[in-house]
Undergrad: 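This is the structure, below, for whatever I ask next.
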There are 2 protein chains.
Amino acid sequence: MTASPHTSRAVTLEQPSLAAACEAIADGLEREALVTVFGRCTVDYEGRAASTLDAGDRHVMLKPDGAALVHTHEGQQPVNWQPPGCDHDVACTDETLLLESRRSTPDERLSVRFQQVLQVSAFSGTDTNELALEGTEEDLRQRILDEPALLEDGFTPLATERDTPAGAVDIYGEDASGRAVVVELKRRRVGPDAVSQLRRYVDALERDLHADAAVRGLLVAPSVTDRADRLLADHGLEFVALEPTAE
Amino acid sequence: MTASPHTSRAVTLEQPSLAAACEAIADGLEREALVTVFGRCTVDYEGRAASTLDAGDRHVMLKPDGAALVHTHEGQQPVNWQPPGCDHDVACTDETLLLESRRSTPDERLSVRFQQVLQVSAFSGTDTNELALEGTEEDLRQRILDEPALLEDGFTPLATERDTPAGAVDIYGEDASGRAVVVELKRRRVGPDAVSQLRRYVDALERDLHADAAVRGLLVAPSVTDRADRLLADHGLEFVALEPTAE
DNA sequence: CGGTTAATATCGAGA
DNA sequence: TCTCGATGTTAACCG
């Protein structure tokens, strides 16, 4: 058997009646397809916060994993959304088509009411491959472990993810003179928050070790803001400029 | 004149040839429509980092403001994307349809290569309305300014966004005995990072004021994690439980 | 533009 | 489930 409407990977209705749209959406959700609806709608959200959006033309995407996205013609981010794990429902009256995506923990609900549907689509398909990403903080860590002298001559890594009462330290090691060093990694330019984070780790480790000599704190990132640089000095912390990848 | 293919708010091609898809996409971009393409493709990104994604069925959205989104059947987030401000381009060979979205500052490029296109759509429409959101940190601030006693009897707000060397303080004020108080607001349950942030502000303000008496630090949020609670005690900071909205 | 912080952040790992 | 920290975070606001 070749492609029939129900095995085809893309099914589309243009300018359907609300009833026809409702049936197509229900069918798509049933088949665990990725369903899109474009038309004039209002949107309400209630949960961790609450929001309303008056009528306009928007693109709604319902994913089989329970995610829901409402996109306008502008912006990278959806104007409203719901995370994976929600239950999608569709219902229809004479004048309105209602899409709802709900979940509990936390209890929240997204409601999209269509006055007019211009297009409904249901997409099936296969996608077994995963994204391969490079230039991450993990790449930066590996680069330093491969060549510790990038930080300073004589630096020796002793542990990664070393646990402290304040959380896990990215790299823990010692310098040429045997002093303990806490290293905090950031893949991009850092602000004051990263300095605070490093200071927390240094404090926690000093208590843990009952160190006689103060523990050194090393912030490693491509660059640092002025304010963060001053904070580093105030807190007796150090900075080393280094990128996640060699070039 | 009523709806012709070029004035209609939604135009769709199903299972087009790559050449036909290319033409429809170019036309949609030209008309500043929201363009979607579903089909089998590979995706490459190069810019702040770099990524590759092998062939699979995905949904690509090109927005007239320059944003680009590549969605799989799973996840709330696009697997690849490009922010608003990019230039979208489409080109076609015998075997491949290439979508590219580029920008500078930073220089980055997203490339989507389709081997097969199952659907192309171009959506026009109007959406003049904006999202009305409540339950934000700003709502929490307004709630306290309206009724300072929610924090404690005798508290008097003196400034919002008061600048310090460590950044802007949410609310600065004084207590019943005239002691300086720094208030940090969070709309949801807080962890150790918020405690560090507040500690930074208190330190900065004590230096600024050359205060004889220590400045008080008040963290205001719906609740606090155990670890953050211990950090608060360690740093001599206080906590007040309060939600962004009354109910 | 950069600097800083909020967000219905999202997402994933670990306890 | 909660907690915690990374993210090509994104987005808004301010100087």
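Values below: every heavy atom of this structure, side chains too, minus hydrogens, waters and symmetry copies. Each chain gets a letter, A, B and so on, in the order its sequence line appears, and its residues count up from 1.
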Undergrad: Which residues in residues 217-230 of chain B have at least one heavy atom lying under 4.0 Å from any atom of DNA chain D?
TA: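 Only B:Thr225, B:Arg227 qualify.
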Undergrad: Which residues, if any, of residues 99-113 of chain A bring a heavy atom under 4.0 Å of DNA chain C?
TA: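 Listed by number, they are A:Glu108.
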Undergrad: Check each of B:Glu152, B:Glu206, B:Glu174 against B:Arg216 using the salt bridge (Lys or Arg N to Asp or Glu O under 4.0 Å) test, and report the only one that passes.
TA: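 Answer to the salt bridge (Lys or Arg N to Asp or Glu O under 4.0 Å) test with B:Arg216 among B:Glu152, B:Glu206, B:Glu174: B:Glu152.
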Undergrad: Using the P atom on both, measure D:dG5 against C:dT8 and round to a whole Å.
TA: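 Roughly 22 Å separates the two P atoms.
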Undergrad: Checking A:Arg58 side chain against A:Cys41 main chain: does a donor-acceptor pair fall under 3.5 Å?
TA: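 Yes, because the side chain of A:Arg58 sits within donor-acceptor range (under 3.5 Å) of the backbone of A:Cys41.
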Undergrad: Taking the side chain from A:Asp57 and the backbone from B:Thr126, do they hold a donor-acceptor pair closer than 3.5 Å?
TA: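 Answer holds: yes.
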Undergrad: Would you check, one step at a time, whether the test side-chain contact (heavy atoms from CB on, under 4.5 Å) holds for B:Tyr172 with B:Thr164?
TA: CA-CA 11 Å; B:Tyr172 170 71; B:Thr164 74; over 6 Å; no
Undergrad: So, taking the atom named CD1 in B:Ile171 and the one named CZ in B:Arg162, what distance separates them when rounded to the nearest 0.5 Å?
TA: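 With rounding to 0.5 Å, CD1 (B:Ile171) is 14.0 Å from CZ (B:Arg162).
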Undergrad: Atom CZ of B:Arg162 to atom C1' of D:dC13: distance rounded to whole Å?
TA: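 That distance rounds to 20 Å.
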Undergrad: Please round to the nearest 0.5 Å and tell me the distance separating atom OG1 of B:Thr96 and atom CG of B:Leu99.
TA: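 CG of B:Leu99 is found 11.5 Å from OG1 of B:Thr96.
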Undergrad: Using 0.5 Å steps for rounding, measure from the CG atom of B:Leu98 to the CD atom of B:Glu100.
TA: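 Nearest 0.5 Å value for the CG-CD distance: 4.5 Å.
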Undergrad: Do you know the tightest heavy-atom contact between B:Pro157 and B:Leu145?
TA: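 Of all heavy-atom pairs spanning B:Pro157 and B:Leu145, the closest is CB-CD2, 3.7 Å.
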Undergrad: Any salt bridge linking A:Asp139 with A:Arg187? Criterion: basic side-chain nitrogen under 4.0 Å from a carboxylate oxygen.
TA: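 Answer for the salt bridge query: no.
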Undergrad: Does A:Asp65 reach the side chain of B:Gln76, with side-chain heavy atoms less than 4.5 Å apart?
TA: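 SC-SC contact between A:Asp65 and B:Gln76 ruled out.
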Undergrad: Got a second to check how far A:Leu218's CG is from A:Asp175's CG, nearest 0.5 Å?
TA: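 Reported to 0.5 Å precision, the distance equals 9.5 Å.
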Undergrad: Between residues 187-196 of chain A and DNA chain D, which residues have a heavy-atom gap below 4.0 Å?
TA: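 Those residues are A:Arg187, A:Arg188.
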Undergrad: Would you mind classifying the nucleic acid contact of A:Gly47 as base, sugar-phosphate or nothing, using non-hydrogen atoms under 4.0 angstrom?
TA: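 A:Gly47: no heavy atom of the nucleic acid under 4.0 Å.
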Undergrad: Got a salt bridge between A:Arg207 and B:Asp234, using NZ or NE/NH1/NH2 to carboxylate O under 4.0 Å?
TA: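 B:Asp234 and A:Arg207: salt-bridged.
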Undergrad: Can you find a side-chain donor-acceptor pair between A:Arg113 and A:Thr42 that sits under 3.5 Å?
TA: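 Distance-only check fails for A:Arg113 and A:Thr42.
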Undergrad: Starting at CE of B:Met61, measure out to NE2 of A:His59 and round the result to the nearest 0.5 Å.
TA: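 B:Met61 CE to A:His59 NE2: 4.0 Å, rounded to 0.5 Å.
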Undergrad: To the nearest 0.5 Å, what is the distance between OG1 on A:Thr136 and CD on A:Gln142?
TA: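 Reported value, rounded in 0.5 Å steps: 10.0 Å.
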Undergrad: Reading DNA chain D from 5' onward, which residue's closest nucleotide shows up sooner: A:Ala168 or B:Ser51?
TA: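 Whichever sits nearer the 5' end wins; that is A:Ala168.
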Undergrad: Grab the CG-C1' distance between A:Asp170 and D:dC4 for me, whole Å please.
TA: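 The distance from CG of A:Asp170 to C1' of D:dC4 comes to 13 Å, rounded to the nearest Å.
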Undergrad: Going 5' to 3' on DNA chain C, which nucleotide is the first and which the last to come under 4.0 Å of a heavy atom in chain B?
TA: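 So the outermost contacting nucleotides come out as C:dT5 to C:dC11.
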Undergrad: Relative to the ring of B:Phe38, is the ring of B:His73 parallel (under 30°), tilted (30 to 60°) or perpendicular (over 60°)?
TA: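 Perpendicular.
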Undergrad: Under a 4.0 Å threshold between the charged nitrogen and the carboxylate oxygen, would A:Arg200 count as salt-bridged to A:Glu184?
TA: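 Salt bridge flag = no for A:Arg200 with A:Glu184.
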Undergrad: When you match A:Asp163 and B:Leu185 each to their closest nucleotide on DNA chain C, which lands nearer the 5' end?
TA: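 Nearest nucleotide further toward 5': that of B:Leu185.
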Undergrad: What's the gap between C:dG14 and D:dG8 when it is taken at their C1' atoms, as a whole Å value?
TA: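 Looking at atom C1' only, C:dG14 and D:dG8 are 25 Å apart.
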Undergrad: Testing A:Thr160, A:Val220, A:Leu219, A:Asp170 for side-chain contact (heavy atoms from CB on, under 4.5 Å) with A:Val183, which one passes?
TA: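 The residue from A:Thr160, A:Val220, A:Leu219, A:Asp170 that satisfies side-chain contact (heavy atoms from CB on, under 4.5 Å) with A:Val183 turns out to be A:Val220.
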Undergrad: Quick one, which residues of residues 60-86 of chain B touch DNA chain D with a heavy atom under 4.0 Å?
TA: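 Those residues whose heavy atoms fall under 4.0 Å from DNA chain D, taken from residues 60-86 of chain B in numerical order, are B:Asn80, B:Trp81, B:Gln82, B:Pro83.
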Undergrad: Near DNA chain D, which residues from residues 125-143 of chain A have a heavy atom under 4.0 Å away?
TA: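 A:Leu133, A:Thr136, A:Glu137 - these, ordered by number, are the residues of the stretch whose heavy atoms sit under 4.0 Å from the strand.
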Undergrad: Would you indicate what B:Glu184 reaches in the nucleic acid, counting non-hydrogen atoms under 4.0 angstrom: base, sugar-phosphate, or nothing?
TA: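 Sugar-phosphate, no base atom in range.
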Undergrad: Taking A:Ser101 as the fixed residue, which of A:Gln82, A:Arg109, A:Glu108, A:His88 is the one that meets the side chain to side chain donor-acceptor pair (under 3.5 Å) rule?
TA: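 The single option meeting the side chain to side chain donor-acceptor pair (under 3.5 Å) with A:Ser101 is A:His88.
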Undergrad: Could you measure between the two C1' atoms, the one in D:dA6 and the one in C:dA7, and give it in whole Å?
TA: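 Taking atom C1' in both D:dA6 and C:dA7, they lie 16 Å apart.
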